[in-house]
Amino acid sequence: MTAPVFVVDNLPGGPEFVLDGPEGRHAVSVKRLTAGEDVVLTDGRGHWADGVVRAAEGKDRLVVALGTVCEEPAPAPRITVVQALPKGDRGEVAVETMTETGVDAIVPWDASRCVTRWKGDRGLKSLAKWRTTAREAGKQSRRVRFPEVSGAMTTKEVAALLAGADFAGVLHEDWDTPGAPLATAELPVRGSIVLVVGPEGGVSPQELAAFADAGAPPYRLGPSVLRTSTAGTAAAALLMGRTGRWG
C-alpha cells in the first residue's frame, strides 16, 4: 500500500513540518497515523515530499520528518475533458473518476441541452463541489498534481479552447453525424488534447457545427451508449493507454 497523501499550501524546505488543521485532523483522528509511518505531502501542483511521522499530538497535529522536496513533471500530452453539466451528483462522480484516471483539466460546460444550470450561488456551490471532489480524489488516487477545474464555459468559450488544442474532438454519434472511432484517431505525442463530453440529451447540431469549425470533429468510443458521467472517464482511459501515459 502506498503512503497516504496530504495537501499543504506550501511545502517547507526544513527537515520537519507540523501538519495541522483539517489535514492534520484527518491524519490523526481518521487515519490514526502513528510514529514511524510513511506519508506524502504535496501542494497538488506537482511539488511533493516523502515524510515519516515523528509524533501525533492531540487530535489534529502530526509532526513529520520531511525528505527532499521534488517536482513531478507535467504529463504529456496534457488531457482536458470538457464535461457538460449532468443532473444531480453525477457531476461529482464524473470528476472523481476522471481524476482517478489521470485527467489534467476538467472544464464544466453549460451546453444548450443541459437540464442543470449553474447560476448565482448555486453555480458557485456546484463549482466548489467539483473542485473539492478533484482534490479529494487526487489524494485518494495518490496524485501529486491534481486536475484543474475551471469555471463553467459557454459554447463559444469551449470552441476557442478547442481551436488551440493539438487534438480536439467531440464524443458524439448519431445517424446524421457518424463519428470516427477514437481508438484509431491520430494523437499527438506532446501538446494538448481536448475532448468534449455532451449532456444526456446530446450535443446540438449548432454546437457540433461550432466545434467542427474549431477543428473538433465527432468521435465515437464503441457500440454502446455511455452516460455523460462515465463517457469522459472511458475516453480518458483510452487516451492514457494510446499516448503511453499508462504504461
Side-chain angles (χ1 to χ4, degrees), residues 44-47 71-85 94-111 130-131 134 137-138 141 143-174 177-199 202-222 226 228-247:
R45 298 184 297 275
H47 302 94
E71 182 175 6
E72 180 180 271
R78 177 180 169 87
I79 298 175
T80 298
V81 174
V82 177
Q83 174 67 59
L85 305 178
V95 171
E96 180 179 56
T97 54
M98 285 192 288
T99 298
E100 292 170 355
T101 305
V103 165
D104 303 296
I106 299 169
V107 177
W109 172 36
D110 187 14
W130 281 34
R131 288 175 171 167
S141 55
R143 291 181 62 169
V144 296
R145 190 179 289 276
F146 302 163
E148 301 169 13
V149 180
S150 76
M153 288 190 182
T154 64
T155 296
K156 183 177 180 180
E157 291 170 328
V158 171
L161 178 67
L162 294 169
D166 295 287
F167 174 87
V170 183
L171 291 183
H172 179 83
E173 185 185 21
D174 58 33
T177 313
L182 185 61
T184 60
E186 186 174 346
L187 302 174
V189 177
R190 292 174 294 276
S192 63
I193 293 174
V194 181
L195 201 62
V196 177
V197 178
V203 184
S204 73
Q206 295 78 13
E207 291 164 338
L208 283 173
F211 295 158
D213 288 343
Y219 288 92
R220 68 177 187 273
L221 278 175
L226 300 179
T228 184
S229 54
T230 55
T233 300
L238 174 62
L239 295 175
M240 292 289 170
R242 291 202 57 219
T243 58
R245 286 184 52 176
W246 279 5

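Counting from 1, the numbers follow the sequence of the chain as shown. Owing to the predicted nature of the structure, the values given are computational and were not obtained by experimental measurement. These numbers come from the heavy atoms of this one structure, side chains and all, not from hydrogens, waters or symmetry mates.
Here the side chain of T99 pairs a donor or acceptor atom with the backbone of V95 at under 3.5 angstrom. Distance alone, capped at 3.5 Å, is enough to place a donor-acceptor pair between the R143 side chain and the R145 backbone. Side-chain atoms of R220 do not come within 3.5 Å of backbone N or O of L182 as any donor-acceptor pair. Looking at D166, its side chain does come within 3.5 Å of a backbone N or O of S192 through a donor-acceptor pair.
Residues T184 and P181 are in side-chain contact: their nearest non-hydrogen atoms beyond the backbone lie under 4.5 Å apart. Residues L85 and P108 meet the side-chain proximity criterion, which asks for heavy atoms closer than 4.5 Å. Proximity of I193 to T80: side-chain heavy atoms (C-beta onward) are nowhere separated by under 4.5 Å.
Between the OG atom in S229 and the CD atom in E96 there is a gap of 11.5 Å [rounded to 0.5 Å]. The CE atom of M153 lies 14.0 Å from the CD atom of Q83; values are rounded to the nearest 0.5 Å. To the nearest 0.5 angstrom, Y219 atom OH is 12.0 Å from L238 atom CG. Taking CG from L187 and CG from L239, the interatomic distance works out to 6.0 Å, rounded to the nearest 0.5 Å. Taking CZ of R78 as the reference point, atom OG1 of T243 lies at 14.0 Å (rounded to 0.5 Å).
Taking every heavy atom of both residues into account, L221 and A234 meet most closely at CD1-CB, 4.0 Å. Taking every heavy atom of both residues into account, A231 and L171 meet most closely at O-CD1, 3.9 Å. Taking each heavy atom of V189 and P77 in turn, the nearest pair found is O-CD, 3.3 Å. Closest approach of M98 and V81 over heavy atoms only: SD-CG1, 3.5 Å. G198 and A84 make their closest contact through C-CB, 3.5 Å (heavy atoms, listed as atom of the first residue, atom of the second, distance). Closest approach of T233 to A94, counting heavy atoms only: OG1-O, 4.1 Å.
Applying the side chain to side chain donor-acceptor pair (under 3.5 Å) rule to T101 yields no partners; only residues at least two apart in sequence or on another chain are considered.
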Practice problem: Check the pair T97, E100 against side chain to side chain donor-acceptor pair (under 3.5 Å), reporting the backbone distance first and the verdict last. | Solution: CA-CA 5 Å; T97 54; E100 292 170 355; over 6 Å; no

Exercise. Would you please test W130 and I106 for side-chain contact (heavy atoms from CB on, under 4.5 Å) and show each step?
Key: CA-CA 9 Å; W130 281 34; I106 299 169; 4.1 Å; yes

Self-check item: Residue pair V144, H47: steps toward the side-chain contact (heavy atoms from CB on, under 4.5 Å) verdict
Solution: CA-CA 7 Å; V144 296; H47 302 94; over 6 Å; no

Quiz item: Where do T155 and W109 land on the side chain to side chain donor-acceptor pair (under 3.5 Å) test, with the steps shown first?
Solution: CA-CA 7 Å; T155 296; W109 172 36; 3.1 Å; yes

Practice problem: Please step through side-chain contact (heavy atoms from CB on, under 4.5 Å) for the pair F211 and V196, ending with a clear verdict. | Solution: CA-CA 9 Å; F211 295 158; V196 177; 4.1 Å; yes

Exercise. For side-chain contact (heavy atoms from CB on, under 4.5 Å), just list the numbers for V82 and L161, CA-CA rounded to whole Å, side-chain angles, deciding distance to a tenth of an Å, and then say yes or no.
Key: CA-CA 10 Å; V82 177; L161 178 67; 4.0 Å; yes

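None of T228, V170, V107 except one satisfies the side chain to side chain contact (heavy atoms under 4.5 Å, CB included) rule with V197; the exception is T228.
In this structure, R45 does not pair ionically with E148, as no charged nitrogen and carboxylate oxygen lie closer than 4.0 Å.
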